[in-house]
Amino acid sequence: MQGTGDKGYVSGDGQVVVRDVADRGDPVSISGTDLDGKPLDVASYRGKPTVLAVWAAWCAPCRAEIGDVTAAAEQLTGTAEFVGVDIRDTPANARAFVRTFDVPYPSISDPEGRALLDLGGLGPRTVPAFAVLDAQGRLAATIAGPLPSRLTLVDLVTQVAGDDG
């Protein structure tokens with residue numbers, strides 16, 4: 001893992017970890033408010049795989065990969081849901097990021113990074129990162145660090161969707 005200077009944030013190397021169906025455990029519970037202050041609960045997306053994309057407006061790798069992430073979200077429409085998890089941002093900065101990059105999915109505002117504690121090795125300061133929940137809301141896979149490629153995410157979600165089938 002690489003540090004991010006004196007801020008104490010950690011970015012991984014993009015390693016993909018997939019959990020066998022039998023090892024996924026209980027559904028994770030992640031809820032909070034969206035970037036406009038409205039309630040948002042990831043459980044409402046059960047029935048399809050859900051990708052949790054952990055980002056921050058100040059995160060250079062997040063800015064670099066957002067085009068691939070939004071392209072993956074569009075490609076997986078109907079197969080999976082996407083929810084961002086914005087950590088350590090002011091609401092204004094987070095909303096500006098979403099507008100600037102035309103992010104098509106909602107994000108939970110998680111200024112303290114607490115939502116990440118249930119996500120298998122993704123700590124409250126890991127950014128960027130991804131977690132893929134299966135249709136039951138159980139943690140199926142993680143990517144710690146920058147997204148290796150759009151295709152990596154699409155293939156991972158397609159695999160998890162096939163596990164649910």
Side-chain angles (χ1 to χ4, degrees), residues 4-12 14 27-150 152-154 156-157 160:
T4 55
D6 61 357
K7 294 185 184 197
Y9 294 95
V10 178
S11 64
V28 298
S29 175
I30 296 176
S31 62
T33 58
D34 69 12
L35 301 179
D36 294 320
K38 297 176 185 162
L40 180 58
D41 189 340
V42 172
S44 67
Y45 294 98
R46 290 191 185 143
K48 292 182 191 176
T50 301
V51 176
L52 302 176
V54 182
W55 63 276
W58 46 263
C59 165
C62 299
R63 290 176 163 288
E65 72 187 11
I66 192 64
D68 283 339
V69 178
T70 58
E74 290 170 8
Q75 184 174 347
L76 291 164
T77 298
T79 300
E81 301 290 345
F82 276 64
V83 176
V85 180
D86 172 48
I87 65 170
R88 311 277 189 209
D89 270 327
T90 65
N93 286 347
R95 286 190 299 270
F97 179 93
V98 167
R99 275 192 314 273
T100 298
F101 294 104
D102 198 23
V103 178
Y105 48 82
S107 287
I108 290 175
S109 177
D110 188 21
E112 295 180 15
R114 291 186 179 156
L116 305 182
L117 296 176
D118 289 338
L119 297 179
L122 300 180
R125 294 184 172 173
T126 304
V127 62
F130 299 84
V132 180
L133 307 181
D134 65 15
Q136 290 78 41
R138 302 172 302 171
L139 183 62
T142 57
I143 302 172
L147 185 64
S149 71
R150 177 194 53 79
T152 300
L153 187 55
V154 169
L156 186 59
V157 172
V160 169

Under the side-chain contact (heavy atoms from CB on, under 4.5 Å) criterion, do D86 and D110 qualify, and how do the steps go? CA-CA 6 Å; D86 172 48; D110 188 21; over 6 Å; no
Is there side-chain contact between I143 and P148, with heavy atoms separated by less than 4.5 Å? yes
CG of L35 to CG of D89: how many Å apart, nearest 0.5 Å? 8.5 Å
CG of L52 to OG of S107, rounded to nearest 0.5 Å, is 10.0 Å
R46 and P27, any side-chain heavy atoms less than 4.5 Å apart: yes
Evaluate the side-chain proximity of V42 to V28: yes if any heavy-atom separation is below 4.5 Å, no if none is. no
In chain order, what residues pass the side-chain hydrogen bond (donor to acceptor under 3.5 Å, both in side chains) check against T50, with sequence neighbours excluded? none
Close side-chain approach of L40 and P106, heavy atoms under 4.5 Å: yes
Pair E65-W55, side-chain contact (heavy atoms from CB on, under 4.5 Å): steps then yes or no: CA-CA 10 Å; E65 72 187 11; W55 63 276; over 6 Å; no
With sequence neighbours excluded, tell me which residues meet side-chain hydrogen bond (donor to acceptor under 3.5 Å, both in side chains) with S149. T152
For a quick test of reading the model, state the closest non-hydrogen atom pair linking I87 to A56 and the distance between them. O-CB, 3.3 Å
Can you give each donor-acceptor pair under 3.5 Å made by side-chain atoms of residues 67-74, sequence neighbours left out, with the distance rounded to 0.1 Å?
residue, atom, partner, partner atom, Å
T70, OG1, I66, O, 3.1
T70, OG1, G67, O, 3.2

Just so I know, are the side chains of L153 and V51 near enough to count as touching, which here means a heavy-atom distance under 4.5 Å? yes
Given side chains that start at C-beta, do those of F130 and T142 come closer than 4.5 Å, heavy atoms only? no
Step by step, work out the side-chain contact (heavy atoms from CB on, under 4.5 Å) result for V83 and I108. CA-CA 7 Å; V83 176; I108 290 175; 4.2 Å; yes
For T79 and K48, which heavy atoms make the closest approach, and how far apart are they? O-CB, 3.7 Å
Restricting to non-hydrogen atoms, name the atom on D34 and the atom on S109 that form the minimum distance, rounded to 0.1 Å. O-CB, 4.2 Å
The criterion is side-chain hydrogen bond (donor to acceptor under 3.5 Å, both in side chains); which residues satisfy it with T90, sequence neighbours excluded? N93
Who are the side chain to side chain contact (heavy atoms under 4.5 Å, CB included) partners of A129, not counting sequence neighbours? V54, L122, T126
Might you point out which heavy atoms bring C59 and P128 nearest each other, and give the distance in Å? SG-CD, 3.7 Å
Considering only heavy atoms from C-beta outward, does the side chain of D36 approach that of R95 to under 4.5 Å? yes
With sequence neighbours excluded, give me every ring pair (Phe, Tyr, Trp, His ring centres under 6.0 Å) pair touching residues 77-96. F82-Y105
Mind checking the CG-CZ spacing from L133 to R138? Nearest 0.5 Å is all I need. 10.5 Å
Any non-hydrogen side-chain atom of R63 less than 4.5 Å from a side-chain atom of F97? yes
